[in-house]
Every structure is written in structure tokens, then in C-alpha cells.
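All remarks here apply to the structure that follows.
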Amino acid sequence: QVQLVESGGGLVQAGDSLRLSCAASGRTFNSYAVGWFRQAPGKEREFVAAISSNGENTGYADSVKGRFAISKDGAKNSVHLQMNSLKPEDTAVYYCAARYFYSGSRYFMKTDEYNGWGQGTQVTVSS
């Protein structure tokens, strides 16, 4: 099971940008599909964005489409979530998740499709 560590969260104002990073301990992300999820207080964890293990295919929740971008950095063994035009409703704990998927081209959007999770990083957007 891959060990994941998120970073990059913080407190920003509406309209600002943040870049979250997810690092894998002791492994490469080359054969892993990776996703970002978020959970606001009192709400269920929800899908935000995902990328296939080969990095060629991505998917986004409708609420973040056009504002967020997920990418893989093979050289640094990390996955990033660039978040632009942040809104107060983006406030949540953001989690990175991964699953081994060697064939490469598929990404996953459900929490139960992943078996490795990070501890989360808080993102707070003030109005």
C-alpha cells in the first residue's frame, strides 16, 4: 500500500490560487492512478479530480472544472492539484488517493476505488 503525504494547503481569499502536492513515499506514481477528494465539515468526502497512471487522462468534478488542474510530475514523484479562482465553497480538507493500475489509461472517481490515502491538507477560502 502506497504511503501518501499532501502539502500546500492554507488560508486564502476568494479568487486566489493554491497548489496542492501529493508525494508517494518510497514509490513512484508511474503505475498508480491518483485522485484528489475533499471533505467539508458535516459533508461526505467528494471527488475533485483524478489522473490516470500514464498521466494522459484526467477527470474533474463539475464544480471545479475549468478552475482546477491535476498533473503528474514523474521526475519528482508527485501529483499536483492547481486550484485557481478559489471560492468559499472550496473550503475543505483535501485528500490525495492512489491505486495501482498498471494498464495506464483509466482514472477513478469513487472513494472505494482507491486503497491508499493521505492524511489530508486543510484549504480555507475566505470571502
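Everything numeric here is computed off the predicted structure, so don't read it as measured data.
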Which heavy atom of [X] sits nearest to which heavy atom of [Y], and what is that distance?
X	Y	answer
V93	G120	CG1-CA, 3.8 Å
P88	A14	CD-CB, 4.1 Å
G118	Y95	O-CD2, 3.6 Å

Does any non-hydrogen side-chain atom of [Y] lie less than 4.5 Å from one of [X]?
X	Y	value
E113	F47	no
H80	S21	yes
V123	M83	yes
Q122	T91	yes

Which of V79, L81, V2 passes side-chain contact (heavy atoms from CB on, under 4.5 Å) with V34? It is V79

- Give the ring-plane orientation class for Y94 versus F68, where under 30° counts as parallel, over 60° as perpendicular and anything between as tilted. tilted

Solution key, residues 56-65 side-chain donor-acceptor pairs under 3.5 Å, sequence neighbours excluded:
| from | atom 1 | to | atom 2 | distance (Å) |
| --- | --- | --- | --- | --- |
| N57 | ND2 | S105 | O | 2.5 |
| Y60 | OH | I70 | N | 2.9 |
| D62 | OD1 | K65 | NZ | 3.2 |
| S63 | OG | R38 | NH2 | 3.4 |

The reported gap from OG in S127 to CD in Q13 (rounded to nearest 0.5 angstrom) is 9.0 Å

To the nearest 0.5 Å, atom CG of N115 lies from atom CZ of R99 at 7.0 Å

Handout entry: side chain to side chain contact (heavy atoms under 4.5 Å, CB included) assessment of L20 paired with E6
Key = CA-CA 7 Å; L20 304 184; E6 303 96 335; over 6 Å; no

Between [X] and [Y] (side chain of the first, backbone of the second, donor and acceptor by atom type, cut-off under 3.5 Å), is there such a pair?
X	Y	value
K72	F29	yes
Q39	A92	no
S53	F101	yes
N77	A23	no
Y114	F108	yes

Begin from the C-alpha positions of W117 and T111 and carry the test side chain to side chain contact (heavy atoms under 4.5 Å, CB included) through to its verdict. CA-CA 10 Å; W117 290 85; T111 56; 3.9 Å; yes

